[in-house]
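Sequence positions, counted from 1, serve as the residue numbers for this chain.
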Amino acid sequence: MTGGADDDRKDTVRDFHDAVNMTASELEEWLATDESRHAGQHKGGGESTGHASGRRIVELLRSRQGDLDADDERHMRKVSGYVRRHLAQRPSGDVTATTWRYSLMNWGHDPQK
């Protein structure tokens with residue numbers, strides 16, 4: 001019998017992959033840039049929440065679905081929710097070199113793709 005937790009897991013994975021439109025390699029390359037390191041909220045002057053999330057997303061993208069645990073699924077739901085909320089706040093005009101875009105890219109989504 002299937003359903004319940006299996007369906008929730010499939011929905012979580014699907015939503016995550018819908019939200020994250022950058023490959024692990026693209027995201028890893030982006031995270032190495034100054035723009036990436038300066039975007040987002042920096043608690044205590046350290047790494048931003050989004051940048052840390054981006055590193056975790058790279059790991060998730062490189063993981064086999066069967067190897068994902070409950071904590072991984074929680075982070076995948078967090079990423080999907082963040083991307084959805086942030087996209088709804090799109091500023092007007094050209095977003096190419098904006099903190100809004102850079103923050104989204106830290107979370108694995110390039111709105112210009």
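- Between Leu27 and Thr23, the closest side-chain pair of non-hydrogen atoms is not below 4.5 Å.
- Aromatic ring centres of Trp100 and His86: separated by under 6.0 Å.
- By the 4.5 Å heavy-atom criterion applied to side chains, His109 and Ser80 are not counted as neighbours.
- Once rounded to the nearest 0.5 Å, the distance linking NE2 of His51 with CH2 of Trp30 reads 9.0 Å.
- Residues Val58 and Ala24 share a closest heavy-atom pair of CG2-O, 3.9 Å.
- Met105 CE to Thr33 OG1: the interatomic distance, rounded to the nearest 0.5 Å, is 7.5 Å.
- Residues Arg9 and Thr12 fail the side-chain proximity criterion, which asks for heavy atoms closer than 4.5 Å.
- Contacts of Glu29 classified as salt bridge (charged side-chain N to carboxylate O under 4.0 Å, His left out), with partners at least two apart in sequence or in another chain: none.
- Distance CG/Asp67 to CD/Glu59: 12.5 Å, rounded to 0.5 Å.
- Between the OG atom of Ser63 and the CD1 atom of Ile57 there is a distance of 12.0 Å, given to the nearest 0.5 Å.
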Derivation of the side-chain contact (heavy atoms from CB on, under 4.5 Å) call for Val20 and Val83: CA-CA 8 Å; Val20 175; Val83 169; 5.7 Å; no
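- Annotation: side chain of Glu47 is in contact with side chain of Arg55 (closest heavy-atom distance under 4.5 Å).
- Contacts of Arg90 classified as salt bridge (charged side-chain N to carboxylate O under 4.0 Å, His left out), with partners at least two apart in sequence or in another chain: none.
- Under the 3.5 Å distance criterion, the side-chain polar atoms of Arg56 are left unmatched by any main-chain donor or acceptor of His75.
- With contacts defined as side-chain heavy-atom distances shorter than 4.5 Å, the pair Tyr102/His38 does not qualify.
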Check against side chain to side chain donor-acceptor pair (under 3.5 Å), Thr49 and Tyr82: CA-CA 11 Å; Thr49 304; Tyr82 178 86; over 6 Å; no
Test salt bridge (Lys or Arg N to Asp or Glu O under 4.0 Å) applied to Arg84 and Asp15, step by step: CA-CA 10 Å; Arg84 186 175 51 253; Asp15 291 347; 5.7 Å; no
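- Remark: the backbone N or O of Thr99 is not paired with any side-chain donor or acceptor of Ser103 at under 3.5 angstrom.
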Full working for side-chain contact (heavy atoms from CB on, under 4.5 Å) between Glu26 and Lys113: CA-CA 12 Å; Glu26 288 171 330; Lys113 272 187 110 177; 2.8 Å; yes
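- Taken to the nearest 0.5 Å, the CZ atom of Arg74 stands 12.5 Å off from the CG atom of Leu68.
- Each of Thr96, Asp94, Asp110 was evaluated against Arg101; a single residue qualifies, Asp110, per the side chain to side chain donor-acceptor pair (under 3.5 Å) test.
- Using a 4.5 Å heavy-atom cutoff, the side chains of Leu61 and His17 are in contact.
- Separating the OG atom in Ser48 from the CG atom in Asn106 is a distance of 5.0 Å, to the nearest 0.5 Å.
- Residues Phe16 and Lys78 form no side-chain contact, since every pair of their non-hydrogen atoms from C-beta on lies 4.5 Å or further apart.
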